[in-house]
Number of protein chains: 2
Amino acid sequence: MTSKDLVIARIMAGQRRFQAAMARDRSSPFFSVNLTMQQLKILFTLRLHGGTGGQELAHLMGVSPATMTGIVDRLVAAHYVTRREDPQDRRVRRVQLTPAGDELIDGLMTAGEEHQTRILSRLSVDELTVVADAMEIMQRALAEDEAAGTEPSRH
Amino acid sequence: MTSKDLVIARIMAGQRRFQAAMARDRSSPFFSVNLTMQQLKILFTLRLHGGTGGQELAHLMGVSPATMTGIVDRLVAAHYVTRREDPQDRRVRRVQLTPAGDELIDGLMTAGEEHQTRILSRLSVDELTVVADAMEIMQRALAEDEAAGTEPSRH
DNA sequence: CCGGTTAGTTTGCCTTACGCTAATATTTCG
DNA sequence: CGAAATATTAGCGTAAGGCAAACTAACCGG
């Protein structure tokens, strides 16, 4: 185990503790989601893909097109997605998140931000600067990671 | 807007970008969860509370005791929770996560760790040290926050 | 233009899960 | 001992997902 590995392990342990503290916040939007798991999975999938055709979505979710029609019907009725004819191929129904759908996913993904902000507010300017530097470092590494290797694993 | 606020805003924006990149990882365990939302909410609730009586759990979830009996039946059958008689009051059924239940919740809460570890591996030792320092700073602030004010908002 | 293929929808059927009320049995406690 | 509390069972209803089969509209190549 290299010294880099040790530091990484320590960082990840800290991250886990942080995550556990966030999870203790009972105001998580997760508890107020009133969708089924399949519906939520579909919303996340649409977020990942920026919208898909109906056939493709059925395939991604591993269900029949008939089933997907029903599910999308209900998501449209709930105003979380839109279903539109594809201009290039009128057979295809493009399914996309609405702003409300986006909001719901964002809310789940950014749960705990208030809590985090509150914790950051406790820090001095010097401390905040260290945290900000660390964030810059991580962003750069993330950008490199995406430029270098996520293309093949993207799909 | 103070200069602290500006730095905090920048940190949170970075955090959001980071989160979005993690969400793009299709290997998220979320997609392989085959529980209903209500079941998952109950597992998270049990994690938060470390186990509860049946009546309490029904109340927390806002359903009748009869309904909760059925749901817990199914979670017991799936080996995610145990149900035991409370030694202090034999009317009460204490419901708790099993190790498998814990694992499932942990998996969801720590999703993306591999991805994060990979990104951290790209950093030099100096850079990692900055990130580790930042993490220390955050942990200290978190500890202070918990010592200071989470008691009243805990419930 | 036509025939074969593709994409999506409808219909009908089935299964699972949740949710409730009412009734019941056991346990607790004043 | 009786009333209240806890959990379970039975019965009923609704919603959602899931499939196969049939159907319609659209696409595309010969």
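Per chain, numbering begins at 1; letters A, B, ... match sequence-line order. The structure presented is a predicted model; accordingly, all values stated were derived computationally and were not measured.
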Legend entry - side-chain N/O B:Thr69 vs D:dA7 OP1/OP2, d < 4.0 Å: no

Legend entry - Below 4.0 Å: OP1/OP2 of D:dA15 and any side-chain N or O of A:Thr36: no

Legend entry - Interatomic distance where CD1 belongs to A:Ile71 and C1' belongs to D:dG18 [whole Å]: 8 Å

Inset, instruction - Mind running a 4.0 Å heavy-atom check of residues 82-98 of chain B against DNA chain D and sending the residues that fall below it, in number order? - result: B:Arg83, B:Arg91, B:Val92, B:Arg93

Legend entry - N/O (side chain, B:Gln55) to phosphate O (OP1/OP2, D:dT6) under 4.0 Å: yes

Legend entry - Euclidean distance, atom CG of residue A:Asp73 to atom P of D:dG18 [Å, nearest integer]: 14 Å

Inset, instruction - Could you go through the salt bridge (Lys or Arg N to Asp or Glu O under 4.0 Å) check for B:Glu127 and B:Arg122 one step at a time? - result: CA-CA 9 Å; B:Glu127 289 172 323; B:Arg122 285 178 168 271; over 6 Å; no

Inset, instruction - Please check if atom CZ in B:Arg83 has more than 12 non-hydrogen atoms from other residues, nucleotides or ligands closer than 6.0 Å. - result: yes

Inset, instruction - Indicate yes or no for a side-chain donor-acceptor contact from A:Arg90 to the backbone of A:Gln88 under 3.5 Å, with no hydrogens or angles considered. - result: no

Inset, instruction - Examine distances only and state if a side-chain atom of A:Gln96 and a backbone atom of A:Gly51 form a donor-acceptor pair shorter than 3.5 Å. - result: no

Legend entry - Within 6.0 Å of CD in A:Glu114, more than 12 heavy atoms from elsewhere: no

Inset, instruction - Would you mind telling me which residue lines up with the more 5' stretch of DNA chain C, B:Ala66 or B:Gly70, judged by nearest nucleotide? - result: B:Gly70

Legend entry - Terminal contacting nucleotides, 5' and 3', DNA chain C versus chain B (heavy atom, 4.0 Å): C:dA17 to C:dT28

Inset, instruction - Provide, to the nearest angstrom, the distance between the CG atom belonging to A:Leu57 and the P atom belonging to D:dG18. - result: 12 Å

Inset, instruction - Spell out, as yes or no, whether a donor-acceptor pair under 3.5 Å connects the side chain of A:Lys4 to the backbone of B:Leu120. - result: no

Inset, instruction - Starting at atom CD of B:Gln38, determine the distance to atom P of D:dA16, rounded to an integer number of angstrom. - result: 15 Å

Legend entry - B:Asp102 side chain reached by B:Ile105 side chain, heavy atoms, under 4.5 Å: no

Legend entry - Side-chain touch B:Ile71/B:Gln39, heavy atoms, less than 4.5 angstrom: yes

Inset, instruction - Assess whether atom CD of A:Glu103 is packed by more than 12 heavy atoms of other residues, nucleotides or ligands within 6.0 Å. - result: no

Legend entry - Spacing of B:His59 atom NE2 relative to D:dA7 atom P, expressed in whole Å: 13 Å

